[in-house]
Amino acid sequence: MRNWLLPEHIADILPATARQVESAKAAMLELFRTAGYELVLPPLIEYADALVSEGDSALDIKTFKLDDHLSGRQLGLRADITPQVARIDAHLLSNRTGVTRLCYAGSVVHARPSGLMSSREPLQVGAELYGYAGIEADLEIIELMLATLRQVGVDKLRLDVGHIAIFRGLAAAAGLAAEETRELFGALQSKDIATVRELVAEVAEPYKSAFLALPELYGPRQVLDKARTRLPSLPEVELGLMQLTAIANALDGQVELSFDLAELRGDFYHTGLMFAAYAPGWSEALARGGRYDNVGRKFGRARPATGFSLDLRDLVRILPERDAAQGIRVQARDLAAARDAVAALRAGGERVIIDYLGESAVALDCDRELVLAADGWQVVPFN
């Protein structure tokens, strides 16, 4: 293997696309800022036990680990920024007792790709809201997620909504052990109905029938009425269905909605409402989010929390073009005399390219040039 070849599922982003990505990232962060979200920049690497919640085997498998030669402890390359932001809210911003809104944009690294076409170095952009448990916070996050995707040109969005507390409530009522719960959770995540049947074969009623019903409870809002007739009346089930109904009412007419009570394809730390945005032309979700209350407990403060994130690399092919204007050539021999004129043009946002080799307009991507005229330096057509 040539030593300049990149590992599988790792790719460079070349100049034109890199500019589009950075411009889109800046626009997303500006959208977040206008909604009151403050930017944080967590480190790429930190102690591994801070990056992965106990029992979160999926995130643990994704996380690269290495030894720290200074402390002797195990370090991890972050595979998800959300736990880091929860740490910041719980520990570094612990003096804040009200609602805190935080956002971020940065690379994460996965030891294994999430899908066949997924990058192992996603560019994760997201927003998180801490300190309020009401459904209004989830709605704020969902609407911000949809606005973020629309801003970069994604249309015909569909929002899939689920509620992991329904599954957790059923598992607790059925008396499932932790390992049994994880196995069933995984089978439902992958929509493996045959394995679900095997795993619940010995589960008592009405919970066996409820688990088998979950994969069938998918569709428009009418599925919520169907769920009320097929699931036992547990506090977690009632709360989940009530919150899903609130989402249906609030977003009716704003976006195509579907509900999936077996939609558990989030992360282990999620505790309630879960949602994902889809659009024609993409086989996977473009953005995901949900409620993950009390993740900050391990860092000293348990707080209600909800948020979303997306991989900006997934959107590269539809990102709006930026900086499409061609540049202005200045010949290297003229640079010293034209330095003030060049500085003024660049300060005004123009691209000014120094031509060392006498190259063509096409090679330099320039349609104008800076020349000395009787009344000083002038920009004239260059072809």
Side-chain angles (χ1 to χ4, degrees), residues 1-25 28 41-53 55-69 73-85 104-126 148-149 152 154 160 182-183 185-192 195 263-270 276-289 308-319:
M1 179 180 293
R2 302 288 187 181
N3 60 7
W4 59 81
L5 293 180
L6 292 174
E8 291 183 74
H9 297 272
I10 299 290
D12 294 307
I13 299 180
L14 299 181
T17 304
R19 178 63 61 189
Q20 288 176 275
V21 168
E22 287 301 309
S23 296
K25 182 175 76 172
M28 289 178 180
L41 299 172
L44 180 63
I45 188 169
E46 60 176 292
Y47 293 122
D49 55 4
L51 293 172
V52 181
S53 300
D56 193 346
S57 58
L59 189 56
D60 186 56
I61 288 171
K62 283 185 181 180
T63 303
F64 277 106
K65 301 179 183 69
L66 61 158
D67 293 330
D68 182 10
H69 292 180
R73 294 177 60 185
Q74 189 175 62
L75 300 177
L77 290 176
R78 67 184 183 201
D80 184 0
I81 298 179
T82 298
Q84 294 184 294
V85 182
Y104 56 85
S107 292
V108 298
V109 183
H110 291 172
R112 300 182 183 183
S114 299
L116 291 176
M117 304 303 293
S118 299
S119 170
R120 286 201 290 161
E121 190 192 3
L123 179 51
Q124 189 176 354
V125 179
T148 302
L149 292 171
V152 294
V154 182
D160 277 14
R182 277 194 290 271
E183 289 181 7
F185 180 86
L188 286 168
Q189 273 189 316
S190 58
K191 309 297 186 185
D192 187 348
T195 299
E263 173 53 61
L264 304 177
R265 290 175 294 176
D267 290 290
F268 187 80
Y269 53 68
H270 282 112
Y278 294 84
W282 281 271
S283 58
E284 297 292 332
L286 291 177
R288 288 187 180 277
F308 85 93
S309 66
L310 57 83
D311 178 5
L312 193 46
R313 284 178 180 260
D314 286 341
L315 301 170
V316 160
R317 63 185 172 90
I318 58 103
L319 291 180

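Here the structure is a predicted model, which is why all the values come from computation and not from measurement. The first residue of the sequence shown is numbered 1, and numbering continues consecutively from there. What you see below is based on every heavy atom in this structure, not just the backbone, and it leaves out hydrogens, waters and symmetry mates.
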P42 backbone acceptor or donor facing Q84 side chain under 3.5 Å: no

Main-chain N/O of L51 paired with R78 side-chain donor or acceptor, under 3.5 Å: no

Applying salt bridge (charged side-chain N to carboxylate O under 4.0 Å, His left out), name anything that partners [X], two or more places apart in sequence or on another chain.
| X | value |
| --- | --- |
| R313 | E121 |
| R73 | D49 |
| D60 | K65 |

Taking only residues two or more places apart in sequence or in another chain, which ones pass side chain to side chain donor-acceptor pair (under 3.5 Å) with [X]?
| X | answer |
| --- | --- |
| T63 | none |
| E22 | K25 |
| T195 | D192 |

For residues 5-17, tabulate all N or O donor-acceptor pairs below 3.5 Å that involve a side-chain atom, not counting sequence neighbours.
| residue | atom | partner | partner atom | Å |
| --- | --- | --- | --- | --- |
| H9 | ND1 | S118 | O | 2.8 |

Selection residues 105-115 - residue pairs positive for salt bridge (Lys or Arg N to Asp or Glu O under 4.0 Å), sequence neighbours left out: none

Shortest non-hydrogen separation from V152 to I318 and the atoms involved: O-CD1, 3.2 Å

Side chain to side chain contact (heavy atoms under 4.5 Å, CB included) involving T148 - partner list, sequence neighbours excluded: M28, L31, F32, L144, F308, L310

Set of residues satisfying side chain to side chain contact (heavy atoms under 4.5 Å, CB included) with respect to A50, sequence neighbours excluded: E46, F299

I45 side chain reached by D68 side chain, heavy atoms, under 4.5 Å: no

Within-4.5 Å side-chain heavy-atom neighbours: V21 and V316: yes

